Undergrad: 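Sharing a structure here in structure tokens format.
Whatever order the structure lists them in is the order used to number ligands and atoms, beginning at 1. None of these values were measured; they are calculated from a predicted model.
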Amino acid sequence: MRIADFALERYFARWEFAVRHVLCASDVEPLSLVEALALADDDARRRWETLGLGYTESAGLPALRGEIAGLYPTLGADDVLTFAGAEEGVFIAMHALLTAGDHAVVVWPAYQSLFEIARSIGASITFVPLDPRDWSLDVDAVAAAMRPNTRVIVVNFPHSPTGAQLAPVQFARLVAIAELHGAHLFSDEVYRFLEHDRAPLPPAASASPRGISLGVMSKAFGMAGVRIGWLATTDAALRARLAALRDYTTICNSAPSEILALIGLRARAPLIDRAHQVLTSNLALLDEFFDRSSRFTWVRPRAGSVCFPALVDGDIERFAAELVERAGVLLLPSSQFGMAGNHFRVGFGRRDMPVALERLSEFVERWR
Ligand SMILES: Cc1ncc(COP(=O)(O)O)c(C=O)c1O
């Protein structure tokens, strides 16, 4: 298989554990193992204490799949397959949906795997860009991009890196476009439950048999390190294909991770509240910062844990390189998304964001 490097992930591999402050992380402050176990109900504690370290069921622990299904109106445990993070779900789904010569429509900018895997399979891609003035999506442009061989529309709302969100009617139109063309709607919903107005969109998997919802423990639930993600869809033939492909990647989940994910999902209400507390207080600081700084512009995010401001003057590559070198603060320039220009991703899900922002603020005062 020939595939281009995943620029953002290579960048994180280089920097994430070598800097003092990751001011561009997309996850929410991770729980410690002790904090997670303290949330366990009696059943989950018993499962944890008596857990065998053998292979696990390839679709995922039935109780875990049931808990995941509870996040979706109308779905049952059988509609859910679990994977090693969202990332394995993306990889498997694209291989299940596409072959060489197929076409995919992808909203841009995008987390690279959302289009790079399709490209590596030999599919052609039409990107539909968000409008940089407010990061809105022109749904008509999605409709116009459809071709007879379009197999999938790929969207990601709440959106990374911009923090954009769709209106429910726009999402309903995307569902209708996919259905009209007999395509699937692959909806990366990894930032679901982080909507700042606390009003999630209907998930794709509940909206249509053509819908596929991607979810994960990494963001709202603060458990990126358990590496549990999932795909939900009522399309049984597709699920069979997804399950068969997984035999060539990880086969099944890590047993301890399944129980930790089960604990996290059963405690979802306090975990989602915890995530919103961090996001709300950090967003207030970002509001202040961008209001008083003439060096940056930004579109205030509406959902999720990331946003995509821009440096007004100067080169963001040089700025980010000097910032990390002199102040130990990591930003993610738009080049990592294959985008020209001076945008950069800021993550505001971490508890050290106030200190990181302070350092950025001091640095930018002196930077020429
Ligand atoms: C939009 C999007 N999709 C998928 C993923 C992959 O999630 P995970 O790393 O939890 O597998 C990420 C990770 O940051 C993401 O931002």
Undergrad: Nearest non-hydrogen atom to atom 10 (O) of ligand 1 belongs to which of Ser218, Ser160, Ala110?
TA: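 Of the listed residues, Ser218 has the closest heavy atom.
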
Undergrad: Closer than 4.0 Å to some heavy atom of Glu87 - which atoms of ligand 1 meet that?
TA: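 Listed by number with element: 11 (O).
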
Undergrad: Need the ligand 1 atom indices (1-based, order shown) with element for anything under 4.0 Å from a heavy-atom of Val216.
TA: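 Atoms satisfying the 4.0 Å criterion: 10 (O).
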
Undergrad: Establish, from distance only, whether the side-chain atoms of His103 and Ser124 form a donor-acceptor pair under 3.5 Å.
TA: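 No donor-acceptor contact under 3.5 Å links the two side chains.
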
Undergrad: Which ligand 1 atoms are under 4.0 Å away from a heavy-atom of Gly85?
TA: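 Answer, ordered by atom number: 11 (O).
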
Undergrad: Give the atom numbers and elements of ligand 1 that come within less than 4.0 Å of a heavy atom of Tyr191.
TA: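 Under 4.0 Å from Tyr191, ligand 1 has these atoms: 1 (C), 14 (O), 15 (C), 16 (O).
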
Undergrad: Hey, is Gly229 one of the residues with a heavy atom under 4.0 angstrom from ligand 1?
TA: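 No, Gly229 has no heavy atom closer than 4.0 Å to ligand 1.
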
Undergrad: How far is atom 12 (C) of ligand 1 from the closest protein heavy atom, and which atom is that?
TA: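 Atom 12 (C) of ligand 1 sits closest to the protein heavy atom Tyr111 CZ, 3.4 Å.
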
Undergrad: Is the shortest distance from a Lys or Arg side-chain nitrogen in Arg302 or Glu195 to a carboxylate oxygen in the other one below 4.0 Å?
TA: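 Salt bridge flag = no for Glu195 with Arg302.
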
Undergrad: In terms of side-chain heavy atoms, does Ser32 have a donor or acceptor partner in Glu35 at a distance below 3.5 Å?
TA: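 Yes - a donor-acceptor pair under 3.5 Å links their side chains.
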
Undergrad: Just to confirm my output: which protein heavy-atom neighbour is closest to atom 1 (C) of ligand 1, and how far is it?
TA: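 In this structure, atom 1 (C) of ligand 1 has Asp188 OD2, 3.2 Å as its nearest protein heavy atom.
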
Undergrad: Looking at ligand 1, would Arg227 count as a contact under a 4.0 Å heavy-atom criterion?
TA: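 Yes.
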
Undergrad: Which residue and non-hydrogen atom of the protein lie closest to atom 7 (O) of ligand 1, and at what distance in Å?
TA: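 The closest heavy atom on the protein side is Ala86 CB, 3.5 Å.
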
Undergrad: List the residues meeting salt bridge (charged side-chain N to carboxylate O under 4.0 Å, His left out) with Asp134, not counting sequence neighbours, and say none if there are none.
TA: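 Asp134 satisfies salt bridge (charged side-chain N to carboxylate O under 4.0 Å, His left out) with no other residue.
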
Undergrad: May I ask you to check whether Arg345 and Ser160 show a side-chain donor-acceptor distance below 3.5 Å?
TA: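 Yes, Ser160 and Arg345 have a side-chain donor paired with an acceptor closer than 3.5 Å.
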
Undergrad: Just go through Glu189, Met223, Lys219 and tell me whose heavy atom is the nearest to atom 14 (O) of ligand 1.
TA: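 Selected option, by shortest heavy-atom distance: Lys219.
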
Undergrad: Look at the side chain of Asp352 and the backbone N and O of Val355, then say whether any donor-acceptor pair between them is shorter than 3.5 Å.
TA: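 Looks like no, no N/O pair under 3.5 Å.
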
Undergrad: CG of Asp313: more than 12 outside heavy atoms within 6.0 angstrom?
TA: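 For Asp313, atom CG is not crowded (no more than 12 foreign heavy atoms under 6.0 Å).
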
Undergrad: Measure from NZ or CZ of Arg192 to the centre of the six-membered ring of Tyr72 and say whether it is under 6.0 Å with the direction within 45° of the ring axis.
TA: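 Ring-cation test returns yes.
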
Undergrad: Should you measure from each heavy atom of Asn156, which atoms of ligand 1 turn up under 4.0 Å away?
TA: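 With Asn156 as reference, the close atoms of ligand 1 come out as 1 (C).
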
Undergrad: Kindly assign one of parallel, tilted or perpendicular to the pair Phe296 and Phe289, based on the angle between their ring planes and the thresholds 30° and 60°.
TA: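 Ring orientation, 0 to 90° scale: tilted.
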
Undergrad: At a 4.0 Å threshold, what atoms of ligand 1 neighbour a non-hydrogen atom of Ser26?
TA: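 Reading through ligand 1 atom by atom, the close ones are 14 (O).
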
